[in-house]
K.L.:
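The structure under discussion is supplied below as structure tokens; questions concerning it will follow.
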Amino acid sequence: HPQDCDESLVPSDSDAEVTATVLRSALGKVQGAVWTPLVASYSPGTVLSYGGGVLGEQFAFNHVQNPEQDGYTEWIEATIAQPVYVVSVEVGSPRGMGMVVGIKVRESPASQWMSLYKAEALPSESEKFSRNQRYWAWEAPVCRTLRRVSHIRIEIDTQAVADWNYIDYVKVVGTLDIQDGAIPASAQAVVYVPDDDKFG
């Protein structure tokens with residue numbers, strides 16, 4: 001965050017990049033964020049707010065963490081460059097696996113979230129993959145959407161899986177056309193017309 005930089009450390013006669021090695025214990029909270037390696041989790045009931053600052057209004061938030069009510073402690077939201085009918089969602093994690101408890105999608109910031117996946121955390125996944133030193137590339141059992149979506153939200157439970165819950169990537173696979181046999185979300189009615197040549 002620019003407002004947290006100490007410009008006095010930069011030599012006045014140098015245009016080169018300045019690099020420094022900083023001890024983890026020296027990394028405290030900055031004005032533009034609430035998370036640091038030393039403050040790796042939040043307390044339920046604590047109001048977390050950030051006005052966006054130098055990052056922009058799209059990063060503003062005002063949230064009270066309530067795991068017992070919400071079923072998750074943190075979440076990540078992202079946009080999908082090309083709106084698609086979702087076919088599958090994959091999450092990659094090297095540590096703290098099994099923390100995903102919900103996946104939601106929506107058409108636009110103004111529309112309601114649609115749930116694709118909701119379940120309890122899987123701490124056994126973290127234990128198994130950590131013990132075997134294997135990477136966790138997990139495909140969620142989701143249903144295909146009936147409308148194209150461009151936003152996705154991954155909800156995670158950092159209390160159920162007590163580790164650094166890293167997420168390297170979220171892969172969304174989708175199509176531009178709705179699957180055969182599916183009724184579009186925009187449909188107002190369904191008309192059944194029997195085939196004269198079908199028996200049974």
Side-chain angles (χ1 to χ4, degrees), residues 44 48 52 56-94 96-129 134-161 165-200:
L48 308 175
E57 293 182 359
Q58 68 269 33
F59 292 98
F61 59 81
N62 187 6
H63 175 65
V64 177
Q65 192 181 60
N66 194 342
E68 293 183 0
Q69 174 182 307
D70 302 329
Y72 57 89
T73 57
E74 300 179 34
W75 74 91
I76 297 173
E77 292 180 8
T79 56
I80 303 169
Q82 172 68 59
V84 294
Y85 295 98
V86 175
V87 174
S88 67
V89 177
E90 182 179 293
V91 177
S93 172
M97 312 83 155
M99 68 298 208
V100 178
V101 294
I103 299 176
K104 296 175 180 175
V105 292
R106 64 182 177 183
E107 297 172 273
S108 69
S111 58
Q112 295 292 319
W113 288 106
M114 297 177 287
S115 179
L116 293 186
Y117 172 81
K118 185 175 179 63
E120 297 291 325
L122 304 170
S124 60
E125 290 286 282
S126 181
E127 296 170 6
K128 179 176 66 175
F129 279 78
R134 292 173 54 201
Y135 189 85
W136 194 62
W138 176 73
E139 184 174 322
V142 302
C143 295
R144 295 191 180 192
T145 57
L146 298 181
R147 51 169 60 98
R148 292 181 184 177
V149 298
S150 59
H151 292 72
I152 185 167
R153 175 185 175 106
I154 307 296
E155 298 171 344
I156 63 177
D157 187 344
T158 58
Q159 289 185 334
V161 181
N165 307 108
Y166 295 157
I167 293 181
D168 283 343
Y169 69 88
V170 175
K171 181 173 74 174
V172 178
V173 176
T175 65
L176 297 180
D177 300 311
I178 196 168
Q179 64 176 319
D180 293 339
I183 301 173
S186 58
Q188 299 297 313
V190 177
V191 178
Y192 173 70
V193 180
D195 190 321
D196 291 339
D197 296 323
K198 291 291 184 180
F199 299 93

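Bear in mind that the values here come from a model prediction, so they are computed numbers and not experimental data.
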K.L.:
Provide the closest heavy-atom pair for Y72 versus V101 in the form atom of the first, atom of the second, distance.
P.N.:
CB-CG2, 3.7 Å
K.L.:
Which heavy atom of I80 sits nearest to which heavy atom of V149, and what is that distance?
P.N.:
CD1-O, 4.1 Å
K.L.:
Donor-acceptor pair, distance only, cut-off 3.5 Å: does the side chain of S126 make one with the backbone of V161?
P.N.:
no
K.L.:
List the steps, then state whether side chain to side chain contact (heavy atoms under 4.5 Å, CB included) holds for K104 with E155.
P.N.:
CA-CA 8 Å; K104 296 175 180 175; E155 298 171 344; 3.2 Å; yes
K.L.:
Okay, side chain of D157, backbone of A121: is any donor-acceptor separation there less than 3.5 Å?
P.N.:
no
K.L.:
Partners of W138 by ring pair (Phe, Tyr, Trp, His ring centres under 6.0 Å), sequence neighbours excluded?
P.N.:
Y117, W136
K.L.:
So do I167 and I156 actually touch side chain to side chain, heavy atoms under 4.5 Å?
P.N.:
yes
K.L.:
Around atom CD1 of I183, are there more than 12 heavy atoms of other residues, nucleotides or ligands at under 6.0 Å?
P.N.:
no
K.L.:
Run the numbers on V84 and T175 for side chain to side chain contact (heavy atoms under 4.5 Å, CB included), then give the verdict.
P.N.:
CA-CA 5 Å; V84 294; T175 65; over 6 Å; no
K.L.:
Does S186 have any side chain to side chain contact (heavy atoms under 4.5 Å, CB included) partners at least two apart in sequence or in another chain, and if so, which?
P.N.:
P184
K.L.:
Can you pull the side chain to side chain donor-acceptor pair (under 3.5 Å) pairs that have at least one residue in residues 77-90, sequence neighbours excluded?
P.N.:
W75-E77, E77-R153, E90-Y169
K.L.:
Per the side chain to side chain donor-acceptor pair (under 3.5 Å) rule, what does the pair list look like for residues 142-151, sequence neighbours excluded?
P.N.:
E107-R147
K.L.:
Which heavy atom in A182 sits nearest to a heavy atom in L146, and how many Å separate them?
P.N.:
CB-CD2, 3.8 Å
K.L.:
What I'd like to find out is whether the side chain of D168 reaches to under 4.5 Å of the side chain of P94, using heavy atoms alone.
P.N.:
yes
K.L.:
Taking only residues two or more places apart in sequence or in another chain, which ones pass salt bridge (charged side-chain N to carboxylate O under 4.0 Å, His left out) with K128?
P.N.:
E125
K.L.:
Please enumerate all residues that pass side chain to side chain contact (heavy atoms under 4.5 Å, CB included) together with D195, with sequence neighbours excluded.
P.N.:
D197, K198
K.L.:
Work out which heavy atom in V142 is nearest to a heavy atom in V87; give both atom names and the distance.
P.N.:
CG2-O, 3.9 Å
K.L.:
So, taking the atom named CD1 in I103 and the one named CD1 in I154, what distance separates them when rounded to the nearest 0.5 Å?
P.N.:
4.5 Å
K.L.:
Is there a side chain to side chain contact (heavy atoms under 4.5 Å, CB included) between I76 and V170? Walk through the geometry before answering.
P.N.:
CA-CA 10 Å; I76 297 173; V170 175; over 6 Å; no
